[in-house]
Protein chains: 2
Amino acid sequence: MQDLYFKHPKFHVALDCIILGFDENELKLLLIKRGFEPEIGKWSLMGGFLGDQESLDQAARRVLKSLTGLTNVFMEQTYTYGTPERDPVSRTLSVAYYALIRTDLYDQQVAANYGAKWFSINDIPALIFDHNQMVKQALEMLQLKSKTKPIGFELLPERFTIPQIRKLYEAIDRQELDHRNFSKKVKAMPWLKKLDIKDKSNSKKGAYLYEFDPIIYKRQQADGINFSI
Amino acid sequence: MQDLYFKHPKFHVALDCIILGFDENELKLLLIKRGFEPEIGKWSLMGGFLGDQESLDQAARRVLKSLTGLTNVFMEQTYTYGTPERDPVSRTLSVAYYALIRTDLYDQQVAANYGAKWFSINDIPALIFDHNQMVKQALEMLQLKSKTKPIGFELLPERFTIPQIRKLYEAIDRQELDHRNFSKKVKAMPWLKKLDIKDKSNSKKGAYLYEFDPIIYKRQQADGINFSI
DNA sequence: GCAAAAGTGTTCACACTACACCCATGC
DNA sequence: GCATGGGTGTAGTGTGAACACTTTTGC
């Protein structure tokens, strides 16, 4: 009966990571200069091949770690790409994952070795294969998901100000938000803990710092109160 | 440089279809009795292996057609499953797709040959491998997507009544809806064309039949008016 | 004292909710 | 004539949108 399996073709399987960060009030994408043929020298997502003993999630995390040094990062599968002609060398499926990281934490040294560079998502160069489409779909997924889950905070430092959150959501949604209404909405969230410290890096007056409290968030969620922005 | 590819392992790739229909005011799932080892005789999603020259979408449509005879069906990829141990015979990745079909149109003869049977989604048996999880994720995706895109109509016949649409959304969301408020919402949609015919199969008075007009829907969409329910 | 960003308050309109009643028809 | 499902109307309410002013502080 195993014939039923072994008469079927096998395929290479790759993982590609859409690595997103938030800096200078912009969403940024981490790209590398591809180091091997085909398309050597072109910009590309960080990717890697699936190994024999790995799950897809494990492989994606391995790929992310190899470029950024980061573990324990928010990461989610988006979509699997598999048209026969997408990789000209050998037929390869690619499972795309997006990762949300804090730009201040990643390993700049390793990234430099890969020729990695941050690009504003408003200014993404032509990428190899179908990588541009992968980025597009990942950004759409982020837009959707960020409205109902507090994943945006994965892109901010531990402590952040309300204007910072607003700039982040403005970057994700590509639209300006009224700062008074936004502030009201955010302050109504019981899982945001206001600190007594101000951050003066962006203004003379200074803005209060906040922390996301996952404990309270989980408790509220259990009570059926959901995140919504 | 092709070494970089060929030193990496290859994998079997399968497609599994979550085939959903709407009948007797319930969401239904089409399952087959698995005809080969392992787990022969157990209930299973309809699946198949990816062929050498096919895209994932093409393969999924081939699998769907082989069971139901249907083409031109709404179908979307949901998620790719790839833990090493998910298929005990040979490591196999599976790309899941869900399909929304009209239960009156599918080929009952072919389906019968596969030992296929419709199950209420409230009463799904234990399935092989990780198929129960696939169904769960597909239903969550349907719930999300049906709120912002008019994909629900894919499950209804060409002509349908407003009470029918309501029953459908009640089945998708697993909650009752106020029929007066629902009716108002639906009637505000310019892409629903009211016919002068009544359907009396469910009541003595009869309910007016409606049709979904894709032309008007596309035009409205272009104007930035989106589906929302 | 002024520019620049942060913080707070009010009004208004619309959309969603929760309801109750009449209508048509087969039996 | 009555039970059953289909259709419509209305009042209240709460959320989101639009908008203006004061505060703090570095220069």
Side-chain angles (χ1 to χ4, degrees), chain A residues 22-26 143 146-148 152 156-157 159-190 192-211 220 224-229, chain B residues 22-26 146-148 156-157 159-173 175-190 192-211 220 223-229:
Chain A
F22 181 63
D23 201 15
E24 299 165 328
N25 291 339
E26 273 193 327
Q143 261 184 28
S146 65
K147 291 201 170 71
T148 53
L156 296 173
R159 296 167 168 196
F160 44 81
T161 67
I162 290 188
Q164 243 180 317
I165 314 177
R166 182 168 50 84
K167 297 282 187 197
L168 170 62
Y169 278 92
E170 287 178 340
I172 291 176
D173 288 343
R174 296 164 181 272
Q175 64 169 340
E176 300 225 327
L177 301 168
D178 184 274
H179 72 101
R180 299 156 276 191
N181 292 335
F182 186 87
S183 183
K184 252 178 292 176
K185 228 187 225 172
V186 162
K187 286 206 186 160
M189 298 178 181
L192 275 193
K193 199 162 51 186
K194 183 178 184 174
L195 306 178
D196 262 332
I197 322 160
K198 281 194 165 188
D199 168 53
K200 296 204 170 188
S201 57
N202 269 312
S203 72
K204 336 255 164 134
K205 183 178 179 183
Y208 282 106
L209 285 165
Y210 287 77
E211 274 179 359
Q220 295 283 319
I225 298 169
N226 282 313
F227 183 88
S228 165
I229 211 157
Chain B
F22 181 62
D23 201 14
E24 300 166 327
N25 292 339
E26 274 193 327
S146 65
K147 290 201 172 69
T148 55
L156 296 174
R159 296 165 169 196
F160 43 80
T161 67
I162 290 188
Q164 244 180 318
I165 313 176
R166 182 168 51 82
K167 297 282 186 196
L168 171 62
Y169 278 92
E170 288 178 339
I172 291 175
D173 289 342
Q175 64 167 339
E176 299 224 329
L177 301 168
D178 184 275
H179 72 104
R180 298 156 276 192
N181 293 334
F182 186 87
S183 183
K184 253 179 290 176
K185 227 188 223 171
V186 161
K187 286 208 188 156
M189 299 177 180
L192 274 193
K193 199 162 52 185
K194 183 178 184 175
L195 306 178
D196 262 332
I197 321 160
K198 281 194 163 186
D199 168 52
K200 298 205 170 185
S201 56
N202 269 310
S203 72
K204 337 255 164 129
K205 181 176 179 182
Y208 281 107
L209 285 165
Y210 287 77
E211 274 180 359
Q220 296 282 319
D223 293 349
I225 299 169
N226 283 313
F227 183 89
S228 166
I229 210 156

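Proteins come first, then strands; the chains are lettered A, B, ... in the order of their sequence lines, and each starts at number 1.
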**Prompt:** Between dC19(D) atom P and Glu176(A) atom CD, what is the distance in whole Å?
**Reply:** 14 Å

**Request:** For DNA chain C, find the residues of residues 163-175 of chain A with a heavy-atom distance under 4.0 Å and give them by number; none if there aren't any.
**Result:** Pro163(A)

**Asked** Ion pair present between Asp199(B) and Arg159(B), side-chain N to carboxylate O less than 4.0 angstrom?
**Response** no

**Asked** When the distance from CZ of Phe182(A) to P of dT15(D) is rounded to whole Å, what number comes out?
**Response** 18 Å

**Message:** So, using salt bridge (Lys or Arg N to Asp or Glu O under 4.0 Å) as the criterion, who are the partners of Glu24(B) when residues are at least two apart?
**Reply:** Lys28(B)

**Request:** Send over the distance from Ile197(A) CD1 to dA6(C) C1', rounded to a whole Å.
**Result:** 17 Å

**Item:** side-chain contact (heavy atoms from CB on, under 4.5 Å) against Arg180(A), all qualifying residues, sequence neighbours excluded
**Value:** Asp178(A)

**Residue Tyr208(B) excluded, over 12 heavy atoms near OH under 6.0 Å** = no

**Asked** Expressed in angstrom and rounded to an integer, what is the separation of Leu177(A) atom CG from dA18(D) atom P?
**Response** 11 Å

**Prompt:** Reading nucleotides 17-27 of chain C 5' to 3', which nucleotides get B (base under 4.0 Å from a protein heavy atom), which S (sugar-phosphate only), which -?
**Reply:** BBBB--BBBS-

**Asked** Quick one: ring-ring contact (aromatic ring centres under 6.0 Å, His included) partners of Phe160(B), sequence neighbours excluded?
**Response** Phe153(B)

**Asked** To the nearest angstrom, how far is Tyr210(A) atom OH from dA6(C) atom P?
**Response** 12 Å

**Asked** Minimum heavy-atom separation for Phe22(B) to Lys167(B), with atom names?
**Response** CZ-C, 3.7 Å

**Prompt:** Taking atom types as modelled, is there a side-chain donor on Ser228(B) or Asn226(B) under 3.5 Å from an acceptor on the other?
**Reply:** no

**Prompt:** Quick one: side-chain contact (heavy atoms from CB on, under 4.5 Å) partners of Asn202(B), sequence neighbours excluded?
**Reply:** none

